[in-house]
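Scope of the values below: all heavy atoms of this structure, side chains included, with no hydrogens, waters or symmetry mates.
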Amino acid sequence: MTTAQQAENKGQQTRTVAELVDYIQALNIEIQELYCLDEIPWVLGVSWGKDSSTVLQLVWNAIAALPPEKRTKTVYVITTDTLVENPVVSAWVRKSMQNLKVAAKRQGMPIDPHLLQPVIEDTFWVNLIGKGYPAPRNQFRWCTPRLKINPANQFIREIVRANGETILVLGTRKAESVKRAATMKKHQVDRVRDRLSPNASLPNSLIYTPIEDWSNNDVWIYLNQSDNPWGQSNKELFAMYRGATADNECPLVVDTSTPSCGDSRFGCWVCTLVNKDKSMEAMIQNDEEKEWMQPLLDIRNELDIKDDREKRDFRRIWGDVQLFERNKNGETSIEPIPGPYTKYWREHWLRRLLEAQTKTRQTAPESMRDITLITLEEMSEIRRIWLEEKHEFDDSLPRIYQEVTGEEFQDPRPGADYSLLGRDEWIVLEEICEGDAMHLELMAKLLDTERQYRKKTRRVGIYETLEKCFNTSSRSPEDAIKNARLKRELSEAVSQGDVAKVKQMTLGDVAAINEIGEGKSDEQVTWASMKFKKKDSEE
């Protein structure tokens, strides 16, 4: 057992400065031994907060002390940019990555930095504004896997495929939380080698946590007393922490047991997993030069409302009504689970975001005037979703963009501006439907489905697609919810073996067939067939 491992047995006891110096010296030897032990590449995850910066500095100093001929193994340094990071922190991260890259090349260090990002389809605004996903909640935390876990895990898997295995070096500490301490202790039991724990979510990768038993004081003493080897200022980092109120950083997330940005010191400025964004509030309050971030905080607070049911569709994102048992004020009721944001609110969030981006570019300090809250590629994908998946051929995104920014929207997607249907046709359709939202939606889907299949060489599947349009959009909200409740009651009756109730509930279908006048009991009855056949009989 090394001196560093012996020191771990003290748990979270407060170390003196002298004890911390001895511990760091022993840890330096431990890092060198692990680095030189094999050819397994290291992946060092950093968020550029205090903990991950400490680990990176420890690893850098340990490897730098080795003879050049022993610095043969690459250490990949990865940072995930969610594209919705706190702008001040995001600027710090990019500056740190650039300094690290330059210093590593200049000093001959085997450090290879990578700034990772989610794929366009997974970004926050593509999902919220494009698809209509509601603001994240603990019950529906769709953001963490897409924005953080997937980009990091994809990179790690690529390293594993190329080398067979990898060692993931993280700055996690037991002192961060009781949950974190319990998780780390659990993994320690399964360690296959000294100091290396298995990674449950990533096969053929081990986890090394050099500062797992450090306290906050240990971290800050080390950073303030040790020079940064790649030329970054640790005092700037300390000042950034001092400007806010929380006590943790946003860690590199590689699985769902890792706290999200919402539980961390710095995180996504849109995060609704906590009651307040204390770090951004503190920055705005404590520093007049950061008041330009107020529009961002306003959007975040507008997204974070307890009940947003009025802003969302009564159907799930795939078009079906799904019910749940709701208990409010002691009364139980069966209600539909609200789905994605409606067209109005998706357009509203886009407009608010563009307004905030335009304003911050005018009021932010010179160094932040090029701030981008939503990229051109994200808006192009949002536009594609609205046009192709939601059949909203009025194509409102370019219009909203021009109204807010005063500039013409330049879509990078080839052929994006070519369409047989557009704003004029949408207005005519609105007039014909006379305010009936479901009728408008159904007609838009049918017309656009025909348009999409018109461009195809073979029209295989068009009837199934048209039928889906009727199944999801032909009923009024009241009728669709009533139908879902009937299906639920019928399913419960079947599961309970209540034959009498099943017969009673299915008599309506027979009556509907007789009403149409076909007289065939095997005919499939739908709202559309009943409506059109009634219309034909009237004519």
Side-chain angles (χ1 to χ4, degrees), residues 82-84 122-147 260-263 267-278 280-281 294-357 373-374 378-379 381-382 385-386 389-390 392 396-397 400 404 437-438 440-441 472-473 475-478 480-481 484-485:
T82 63
L83 300 179
V84 283
D122 283 349
T123 66
F124 185 86
W125 296 121
V126 165
N127 281 278
L128 189 138
I129 295 178
K131 299 176 184 177
Y133 279 22
R137 293 291 186 271
N138 286 320
Q139 297 85 354
F140 187 34
R141 204 171 104 178
W142 55 264
C143 53
T144 306
R146 289 174 171 82
L147 305 185
S260 72
C261 289
D263 296 323
C268 304
W269 66 267
V270 292
C271 185
T272 51
L273 295 174
V274 290
N275 293 328
K276 292 182 179 181
D277 186 343
K278 295 181 179 179
M280 182 173 283
E281 286 183 353
Q294 185 63 48
L296 279 65
L297 187 61
D298 292 340
I299 290 178
R300 183 260 166 213
N301 291 339
E302 187 178 349
L303 282 169
D304 187 24
I305 61 173
K306 291 183 178 180
D307 188 0
D308 59 359
R309 298 169 67 89
E310 293 183 358
K311 295 179 172 64
R312 296 162 63 182
D313 201 304
F314 66 94
R315 299 157 296 181
R316 303 308 301 274
I317 199 164
W318 53 85
D320 290 342
V321 176
Q322 189 173 349
L323 305 175
F324 77 108
E325 190 174 294
R326 188 183 190 191
N327 192 317
K328 186 176 182 181
N329 300 326
E331 296 184 3
T332 301
S333 61
I334 305 299
E335 303 289 342
I337 300 175
Y341 289 126
T342 62
K343 182 178 189 293
Y344 173 88
W345 284 102
R346 285 184 277 108
E347 292 176 349
H348 170 81
W349 296 128
L350 174 64
R351 187 179 295 275
R352 291 280 286 114
L353 186 62
L354 290 172
E355 288 172 347
Q357 178 171 277
L373 301 183
I374 182 170
E378 287 178 288
M379 286 187 282
E381 177 62 11
I382 289 169
I385 292 171
W386 287 2
E389 297 181 16
K390 296 186 178 295
E392 296 166 356
S396 59
L397 188 143
I400 293 172
V404 176
M438 295 306 297
L440 173 63
E441 179 182 293
T472 59
S473 306
R475 293 185 176 93
S476 68
E478 296 77 17
I481 295 171
R485 286 174 175 158

Testing the basics here: between R346 and K131, what is the closest heavy-atom pair and its distance to 0.1 Å? CD-C, 4.3 Å
Looking only at heavy atoms, which two atoms of L397 and I382 are closest? And how far apart? CD1-CG2, 3.7 Å
How long is the straight-line distance from CZ of F124 back to CG of L373, given to the nearest 0.5 Å? 12.0 Å
What is the ring orientation for W349 with W345, classed by angle as parallel under 30°, tilted 30 to 60°, or perpendicular over 60°? tilted
Charged N-O contact under 4.0 Å between D307 and R312: no
I need the D304 CG to N275 CG distance, nearest 0.5 Å. 7.0 Å
Does W269 reach the side chain of T82, with side-chain heavy atoms less than 4.5 Å apart? no
For R300 and T272, which I'm curious about, is there any donor-acceptor pair between the side chains at under 3.5 Å? no
Taking the side chain as every heavy atom from C-beta outward, state whether R352 and E302 have any pair of such atoms under 4.5 Å apart. yes
Side chain to side chain, L147 and D122, heavy atoms closer than 4.5 Å: no
At their closest point, which heavy atom of A480 faces which heavy atom of F314, and how far apart are they? CB-CE1, 3.6 Å
Does a side-chain heavy-atom distance below 4.5 Å link E378 with L83? yes
Sidechain N-carboxylate O distance under 4.0 Å for R315, E441: yes
If you draw a 6.0 Å radius around CZ in F324, do more than 12 non-hydrogen atoms from other residues or ligands fall strictly inside? yes
When you check the gap from the basic side-chain N to the acidic O, do E347 and R351 get nearer than 4.0 Å? no
So, for L297 and E281, which heavy atoms are closest and what is the spacing to 0.1 Å? CD2-CG, 3.6 Å
Do Y133 and I317 have side chains that get closer than 4.5 Å, going by heavy atoms? yes
pair R475-V321: side-chain heavy atoms closer than 4.5 Å: no
